[in-house]
Amino acid sequence: MELSTIAGQSIPTFPLCSTDEKAIPLLGFGTIEYPFGASIHTLKETILEAIKLGYRHFDTAAIYLSEQPLGEAISDALRLGLIKSRDELFITSKLWCSDAHHDFVLPALKKTLQNLKLEYLNLFLIHWPLSLKPGKYEFPFQKEDIVPFDPKSVWEAMEECQGLGLTKSIGVSNFSCKKLETILSTAKIPPAVNQVEMNPLWQQKKLRKFCEEKGILVEAYSPLGAKGTAWGTNRVMECEVLKEIAHAKGKSFAQVCLRWAHEQGVCALVKSFNKERMKQNLDIFDWKLTADESHKISQLPQCKGFPGAAFLSDDGPYKSVEELWDGEI
């Protein structure tokens with residue numbers, strides 16, 4: 001992995017296999033809050049603070065209700081001179097399941113760009129390998145709203161979006177190796193990214209190896225376990241091995257988890273709206289885990305934090321977690 005740093009910043013970057021000349025910063029700032037929109041009135045100021053601290057990669061999604069505050073923060077950052085150009089930022093958003101139909105993809109992206117007040121995204125992802133009846137943006141959703149998902153036609157529409165220049169790169173989220181194979185079997189443009197749950201207690205070794213072989217960058221969401229959310233777990237934060245490593249190194253628990261993710265060659269997405277922790281989370285690039293520490297983490301028992309029960313239905317495409325994740329559970 002070739003790394004460079006953003007001018008004036010210490011966050012390493014990685015070139016995606018796409019049309020984007022801008023490399024992706026390997027630490028991203030997540031804008032999700034659960035319940036969705038819970039911090040909508042303070043989010044703009046939080047994002048401005050993140051830009052001041054040096055974050056340049058921001059992750060949002062249609063379902064998060066954070067596109068508009070992010071767009072307002074970008075406008076303010078330009079007006080205040082915190083950045084000279086929108087091109088300094090790497091912006092990701094995601095297609096919600098109710099728009100995961102061929103004819104809905106382009107209108108959904110245009111709506112996202114309208115919310116963000118941007119002319120293009122750097123990265124647009126299919127949020128889940130699932131389609132819902134069009135018209136609703138909700139999670140959890142009604143099981144009866146689950147309809148067949150056609151990955152081939154949805155991906156073709158994603159490729160059209162990139163061809164139009166409305167997004168520089170396209171990718172997926174929450175896709176197993178098998179589901180990636182399905183996309184790759186017909187894709188003219190391969191996915192640049194697969195954004196998945198990943199942390200020391202769910203290390204995704206098989207998926208990471210597959211993605212590396214295919215030239216797909218893995219992005220890690222819930223790198224600390226997402227404690228307190230509908231998709232999170234307390235297990236990561238309660239892990240004694242990680243606590244001991246943090247104590248021995250004089251680092252925060254979060255810094256150890258994020259440094260571990262960075263050393264696996266993935267892009268980690270952090271989400272803290274606390275200024276001091278936002279600053280600490282950037283401080284992971286000028287030190288390393290020892291071989292012994294890395295080995296201890298590699299031996300941790302594995303347990304997925306979010307099995308995805310909400311996506312299962314007796315009448316839908318996935319009747320069990322094994323089907324949703326194709327046995328990668």
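Sequence positions, counted from 1, serve as the residue numbers for this chain.
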Task: Test item: Arg86 side-chain N/O and Ile74 main-chain N/O as donor-acceptor pair under 3.5 Å - done: no
Open item on the list: For a side chain to side chain contact (heavy atoms under 4.5 Å, CB included) check, start with the C-alpha distance between Gln264 and Met198, then their side-chain angles and the critical distance, and finish with the verdict.
Closed with: CA-CA 11 Å; Gln264 308 317 301; Met198 181 183 153; 3.9 Å; yes
Task: Salt bridge present between Asp292 and Lys296 (N-O < 4.0 angstrom) - done: yes
TODO: Answer yes or no: is there a side-chain heavy-atom contact under 4.5 Å between Thr31 and Pro69?
DONE: no
- [ ] Verify, without hydrogens or angle tests, whether Lys84 (side chain) and Gly81 (backbone) share a donor-acceptor contact under 3.5 angstrom.
- [x] no
- [ ] State the CD-CD1 distance between Gln162 and Ile170, to the nearest 0.5 angstrom.
- [x] 5.0 Å
Task: Single-linkage hydrophobic cluster Leu312~Val147, side-chain heavy atoms < 4.5 angstrom - done: no
Open item on the list: Is the shortest side-chain heavy-atom distance between Asp99 and Lys111 below 4.5 Å?
Closed with: no
Open item on the list: Taking atom CD as the centre, does Glu119 end up with more than 12 heavy-atom neighbours from other residues, nucleotides or ligands that are less than 6.0 angstrom away?
Closed with: no
Task: Any Lys214 side-chain heavy atom under 4.5 Å of Leu180 side chain - done: no
- [ ] Determine, using the 4.5 Å side-chain heavy-atom cutoff (strictly less than), whether Phe149 and Phe104 are members of one ILVMFWY cluster.
- [x] no
Task: Donor-acceptor contact below 3.5 Å, side chain Glu197 vs main chain Phe306 - done: yes
- [ ] Assess the pair Phe29 and Phe90: is the distance between their ring centroids shorter than 6.0 Å?
- [x] no
Task: Under 3.5 Å: donor-acceptor pair, side chain of Ser298, backbone of His295 - done: yes
Task: Partners meeting side chain to side chain contact (heavy atoms under 4.5 Å, CB included) with Ser98 (sequence neighbours left out) - done: Trp96, Leu132, Tyr137
Task: Approximate separation, where rounding is to 0.5 Å, of Leu123 CG and Ser173 OG - done: 10.0 Å
Task: Side-chain heavy-atom pair Ile245, Ile297 within 4.5 angstrom cut-off - done: yes
Open item on the list: Are there over 12 heavy-atom neighbours, none belonging to Lys117, within less than 6.0 Å of that residue's NZ?
Closed with: yes
TODO: Considering non-hydrogen atoms only, spot the tightest contact between Ala100 and Leu95 and give its length.
DONE: CA-CD2, 3.8 Å
- [ ] Check whether any side-chain N or O of Ser93 sits under 3.5 Å from a backbone N or O of Phe124 as a donor-acceptor pair, and report yes or no.
- [x] no
TODO: Please name the pair of heavy atoms, one in Val256 and one in Ala246, separated by the smallest distance, quoted to 0.1 Å.
DONE: CG2-CA, 3.6 Å
TODO: Report the C-alpha separation of His57 and Glu219 in whole Å, then their side-chain angles, then the decisive distance to 0.1 Å, and conclude whether the side chain to side chain contact (heavy atoms under 4.5 Å, CB included) test is met.
DONE: CA-CA 12 Å; His57 172 188; Glu219 281 189 343; 3.6 Å; yes
Open item on the list: Does the structure place the NZ or CZ of Lys251 under 6.0 Å from the centre of the six-membered ring of Phe253, at an angle of no more than 45° from the ring's axis?
Closed with: no
Open item on the list: Can you see whether Thr42 engages Glu45 through a side-chain donor-acceptor pair at a distance of less than 3.5 angstrom?
Closed with: no
Open item on the list: Assess whether a salt bridge exists between Lys243 and Glu240, defined as any Lys/Arg side-chain N lying under 4.0 Å from an Asp/Glu carboxylate O.
Closed with: yes
Open item on the list: Contact between Leu130 and Asn174 at the side-chain level, heavy atoms closer than 4.5 Å - yes or no?
Closed with: no
TODO: Indicate, with yes or no, if Leu166 and Met158 share a hydrophobic cluster defined by side-chain heavy-atom contacts under 4.5 Å among Ile, Leu, Val, Met, Phe, Trp and Tyr.
DONE: yes
Open item on the list: Between Glu293 and Lys288, does any side-chain N to carboxylate O distance fall below 4.0 Å?
Closed with: no
Task: Any donor-acceptor N/O pair, Gln203 side chain to Pro200 backbone, under 3.5 Å - done: yes
Open item on the list: Could you tell me if the side chain of His262 sits less than 4.5 Å from the side chain of Pro12, heavy atoms only?
Closed with: yes
Open item on the list: Restricting to non-hydrogen atoms, name the atom on Val236 and the atom on Cys257 that form the minimum distance, rounded to 0.1 Å.
Closed with: CG1-SG, 4.1 Å
TODO: Not counting sequence neighbours, list each pair that qualifies as a salt bridge (Lys or Arg N to Asp or Glu O under 4.0 Å) and has a residue in residues 62-77.
DONE: Lys44-Asp76, Asp76-Arg79
TODO: For residues Cys239 and Leu201, determine if any side-chain heavy atom of one lies less than 4.5 Å from a side-chain heavy atom of the other.
DONE: yes
- [ ] Look at the side chain of Glu328 and the backbone N and O of Cys177, then say whether any donor-acceptor pair between them is shorter than 3.5 Å.
- [x] yes
TODO: Spell out, as yes or no, whether a donor-acceptor pair under 3.5 Å connects the side chain of Tyr55 to the backbone of Met278.
DONE: yes
TODO: Hey, could you give me the CG/CG distance between Leu258 and Leu269, rounded to the nearest 0.5 Å?
DONE: 10.0 Å
- [ ] Verify side chain to side chain contact (heavy atoms under 4.5 Å, CB included) between Gln255 and Lys249, making sure each step is shown before the conclusion.
- [x] CA-CA 10 Å; Gln255 285 173 324; Lys249 297 194 89 66; over 6 Å; no
Open item on the list: Has Lys179 got a side-chain atom pairing as donor or acceptor with Leu324's backbone, closer than 3.5 angstrom?
Closed with: yes
TODO: Output every pair passing ring pair (Phe, Tyr, Trp, His ring centres under 6.0 Å) with a member in residues 152-209, not counting sequence neighbours, ordered by first then second residue.
DONE: none
Task: Min side-chain heavy-atom separation Ile83-Leu78 under 4.5 Å - done: yes
TODO: Taking all non-hydrogen atoms of both residues into account, name the closest pair between Ser131 and His101 and its distance.
DONE: CB-CE1, 3.8 Å
- [ ] Mark yes when over 12 heavy atoms from residues, nucleotides or ligands other than Asp314 sit less than 6.0 Å from its CG; otherwise mark no.
- [x] no
Task: Non-hydrogen atoms of Ser66 and Thr60 that approach each other most closely - done: OG-OG1, 2.7 Å
Task: Nearest heavy-atom neighbours spanning Lys304 and Arg235 - done: O-NH1, 4.1 Å
Open item on the list: What's the separation between atom CG in Leu82 and atom CG in Leu53, rounded to the nearest 0.5 Å?
Closed with: 10.5 Å
- [ ] Could you walk me through whether Lys94 and Gln195 pass the side chain to side chain contact (heavy atoms under 4.5 Å, CB included) test, one step at a time?
- [x] CA-CA 10 Å; Lys94 308 181 197 77; Gln195 186 182 122; 3.2 Å; yes
Open item on the list: Quick test of your reading of the model: are Glu212 and Arg208 salt-bridged, counting only N-O distances below 4.0 Å?
Closed with: no
Open item on the list: Donor-acceptor pair, distance only, cut-off 3.5 Å: does the side chain of Trp325 make one with the backbone of Pro307?
Closed with: yes
